[in-house]
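To start, the structure under review is shown below, and the notes come after it.
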Amino acid sequence: MTDLVSSLNPMQRAAVELPAQNALILAGAGSGKTRVLTTRIAWLIAQGYASPYEILAVTFTNKAAKEMRARLETMLTVDISRMWVGTFHGIAHKFLRLHAADAGLPKTFQIIDQSDQLSLIKRLMKEANMNAEKDDPKVIQSMINDLKERGLRSSVITAQDAPGTMAGFYRFYEQRCQRDGLVDFAELLLRSVELFENNAIVRDHYTERFRFILVDEFQDTNALQYRWIKALANPREAKNSVFCVGDDDQSIYAFRGARVGNMQDFVKDYGVRSIVKLEQNYRSTSHILDAANAVISNNKDRLGKNLWTDRGAGERIRIYEADDDRQEARSLTQEILIAKRDGAKWGDFAVLYRNNAQSRVIEQYLTANSVPYRIYGGLRFFDRQEVKDVTAYLRVMVSPDDTSVLRVINHPPRGIGATSVARITDAAKERALSIWETISDWNDPNVTIGRVKGFIECIEAMREACAGMNLAQTVRTVVEMSGLKAYYEAQKDKDIRLENLTELENAAQGYYTENDLEEDADAFAVVEGGEMSPIEGFLAQAVLEADDKNEGEGLDVVQLMTVHASKGLEFPVVFLCGLEQGLFPHAPRNGEDADKAESEERRLMYVAMTRAKKKLRISWCGQRHLWGNIQWGEPSMFLAEIPEKDWVEGRPKKSEQPGSSLGYRSSFSGGYSGSGKSFSGAKDSSFRASPAQSSSGWRQGAVGKASDYLKESGGRSSGAHQKKSLGASSLWGLKPGDRVVHKKFGQGEILSIANPESQDEAQARVKFSIGVKELLLVFANLQKIS
DNA sequence: GGCTCTTTCGTTTTT
DNA sequence: CGAAAGAGCC
């Protein structure tokens, strides 16, 4: 199987061919990390060192797990369909399903996601007469999750771990989850750790089985996940080889519990002798890499890595100071349009920003100029109301927990109003029963008994009807019998709702097919091996694999996302926006360790920069619209950390000669005439936030009107040299009040023209029947009509 | 039960 | 400023 490794570089090959021992692979951005991980597995199998049965591969996201499996399938002829490749949570879930009784869980336990957990907490807080004003449910939620991540049960916490009413509430929450068979994300991990720690037979079985454990994105593991690994692979027993791949420089999730320190701990705890560094980068050109290396070198306590490439210097990074966020948006829109005109694809571009709010202005400009784009992250399919409704019904059918019952008891409306529900919950509390138990034995004359009975009968009828049905049929039946279909048909937004319900049926069909269930499989029947009925499996998948983010991944559209969301992706051209002190790096909260926060922000910067393959454009704004005000910003400290040799100032240079054909590359290659490199002075103090400033790094100012702004000529970095000898009227011939025709938007009227004297920046506000659009005249191709 | 008004809050987020 | 959640009203 030499062909498996022959195309690897020496370090990759060294990693893949390590003997069976604990190892840490430091894999830099774009260094072929996934390739090494999958080739390692394939190599172990091909060499006969391991059978697929003996391998456990753990990732963070479902996407990574899927990709790994897909790649393995192309590399190997052995059947790996039963190999354990999955996320921490997915695999923990599998353990718990297989050993529910040993883990102290009911067979039909259900997983709840973050938002389910939050609404449960809110409801329990009401039940415990806690006021949401004094105790923020979100704070309580994160405290509970934090305690679980530290492995602490309510029975063992101290007053310091849980101040005030916290300890009591945590206990209440635990009890209620236990009673209703609910398992939150942290619980999946903690339960399986406890299962292994308390049950030697189960633990030994898996410890001996999984001789090779491989962990991806190790820098993102939290304390509990590390403990989980240790529970499976005890370093003292040394029965397993743990192969961890990660990059401490790309650890950007400390805020949600990730512990980079796990990498050093792993080396120590597992006596790791083999640390392999993958530093050859196959993604970016060297100006980009050198700059990223230089920035990250300002962090302390790194394991130490320096990316290099043999792909040549490439183009310098361009750093652009925009007057404000609108100009930033306009500028990148313009560059995209010009590049597209010159042959680039929409999909070549990614726009990255620190926070989601920044996307708005950018979207406005892209939309106004008909640039197709897609925003990563947003409402996920299984988070949609109508989809949650159906899954709640399915849950009630399988195991009627309070949350699900309360969600659907009067939805669609069946005359069980707030008052009745309050009586029911009160009675349940009084009798210490679940809602379902309470209503199953209901005798309060103040609540219309027929309606409650009707609900129970509806659920029972659905159970009966679905017995013997497969999953997709079951979903369809539930959608109809619950009344959800009729209900949503009557809604004004029925099209999307019904479409989503159909989509859910398709998902059920897909699950059914994917899991190769027999044609006549009953959705309620337990599936051999998985110990889960198709419904339970489907529900678990809905919670654990809710990401439909890869949907539309291959689309040829501009990609907009936060820097966090960009991790692991790459793009030919990257626009990195909003490099202002206080925004990126984000100003630390008070109470937060400022140095730690800065280091994490710098890693985030490193991640952002290393997404770019060929062109990296960084911009910052002197002014930014924030919460209805204008804020003055200063350039991010990270800009001053980029070596002078690797960047150039400026933004897309307009065509010098109107009408000449513009090579994409040549049109942007230079800086601006007469503009010196102002960042060369940034290394001392001039670009750092001044001490007098507020901690956020922002100063507030008066509100300005955008329309005023747009009328100004190009802004300082474009400046005087943009002035053409031709006046506005002779350049475009258009003025406010003119009637024009646009290819897509039809007839319209010019409201105003911004930058009329500029060839490339002249922009018209035009009122079309579909609304007002801002169009760059170079591209809009407006035809004047009389 | 659903609409509208008011209040609140504002970093990043997978499972 | 604008989204979202909660309260209050019909």
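Worth knowing before you read on, the calculation uses all heavy atoms, side chains too, and leaves out hydrogens, waters and symmetry mates. Because the structure is a prediction, the values reported are computed rather than measured.
- Judged by the 6.0 Å and 45° rule, R97(A) forms a cation-pi pair with F109(A).
- When the P atom is used for both dA4(C) and dT13(B), the distance is 15 Å, rounded to whole Å.
- Contacts of Y353(A) with the nucleic acid, taken as non-hydrogen atoms under 4.0 Å apart, are absent.
- The base of dT13(B) lies outside donor-acceptor range of the side chain of Q114(A), with no N or O pair under 3.5 Å.
- For K66(A) and dT14(B), the NZ to P distance is 14 Å, given to the nearest whole Å.
- Nucleotide dC1(C) holds its P atom 12 Å from the CZ atom of R326(A), rounded to whole Å.
- With sequence neighbours left out, the side-chain hydrogen bond (donor to acceptor under 3.5 Å, both in side chains) criterion links N299(A) to R602(A).
- A distance-only check finds a donor-acceptor pair linking the side chain of Q327(A) to the backbone of D323(A) [under 3.5 Å].
- Counting to the nearest Å, the P atom of dT13(B) and the CZ atom of F88(A) are 21 Å from each other.
- A distance-only check finds a donor-acceptor pair linking the side chain of Q219(A) to the backbone of D247(A) [under 3.5 Å].
- For P413(A), the listed nucleotide lying nearest its side chain is dG2(B); candidates were dT15(B), dG2(C), dG2(B).
- Atoms CD (Q117(A)) and C1' (dT13(B)) sit 14 Å apart, rounded to a whole Å.
- Whole-Å rounding puts the E217(A) CD to dT13(B) P distance at 15 Å.
- With respect to D220(A) and K567(A), a salt bridge is recorded, a charged nitrogen being found less than 4.0 Å from a carboxylate O.
- Here the C1' atom of nucleotide dT14(B) and the NZ atom of K567(A) are 10 Å apart, to the nearest Å.
- In this entry the distance linking CG of D216(A) with P of dT14(B) reads 16 Å, nearest Å.
- Ring-plane geometry between F382(A) and F538(A) is classed as perpendicular, the angle between the planes exceeding 60 degrees on a 0 to 90 degree scale with a lower cut at 30.
- The C1' atoms of dG6(C) and dT11(B) are separated by 24 Å, rounded to the nearest whole Å.
- OP1 or OP2 of dG2(C) lies within a sub-4.0 Å distance of a side-chain N or O belonging to R360(A).
- For the OP1/OP2 pair of dT13(B) and a distance below 4.0 Å, the side-chain nitrogens and oxygens of R380(A) include no atom meeting the criterion.
- Among V193(A), L56(A), V58(A), I91(A), the one residue that satisfies the side-chain contact (heavy atoms from CB on, under 4.5 Å) test with L232(A) is L56(A).
- Remark: L604(A) CG to H564(A) NE2 distance equals 4.5 Å, nearest 0.5 Å.
- Between Y487(A) and dG2(B) there is a side-chain N or O to OP1 or OP2 distance below 4.0 Å.
- Nearest-nucleotide mapping onto DNA chain B: of V543(A) and Q491(A), the residue sitting toward the 5' end is Q491(A).
- The aromatic rings of Y206(A) and H99(A) sit perpendicular, their planes meeting at an angle over 60°, well past the 30° parallel limit.
- Across all their heavy atoms, F218(A) and N262(A) have their closest contact at CE2-O, 3.3 Å.
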Protein-nucleotides 8-12 of chain B N/O pairs closer than 3.5 Å?
unit_1  : atom_1 : unit_2  : atom_2 : d
dG10(B) : N3     : W627(A) : NE1    : 3.0
dT11(B) : O2     : R354(A) : NH1    : 2.7
dT11(B) : O2     : R354(A) : NH2    : 2.4
dT12(B) : OP1    : N356(A) : N      : 2.8
dT12(B) : OP1    : N356(A) : OD1    : 2.7
dT12(B) : O4'    : R354(A) : NH1    : 3.1
dT12(B) : O2     : R354(A) : NH2    : 3.1

Sub-3.5 Å pairs of nitrogen or oxygen atoms, protein against nucleotides 5-9 of chain C:
unit_1 : atom_1 : unit_2  : atom_2 : d
dG6(C) : OP1    : K122(A) : NZ     : 3.0

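- Atom P of nucleotide dT13(B) and atom CG of D113(A) are separated by 16 Å, given to the nearest angstrom.
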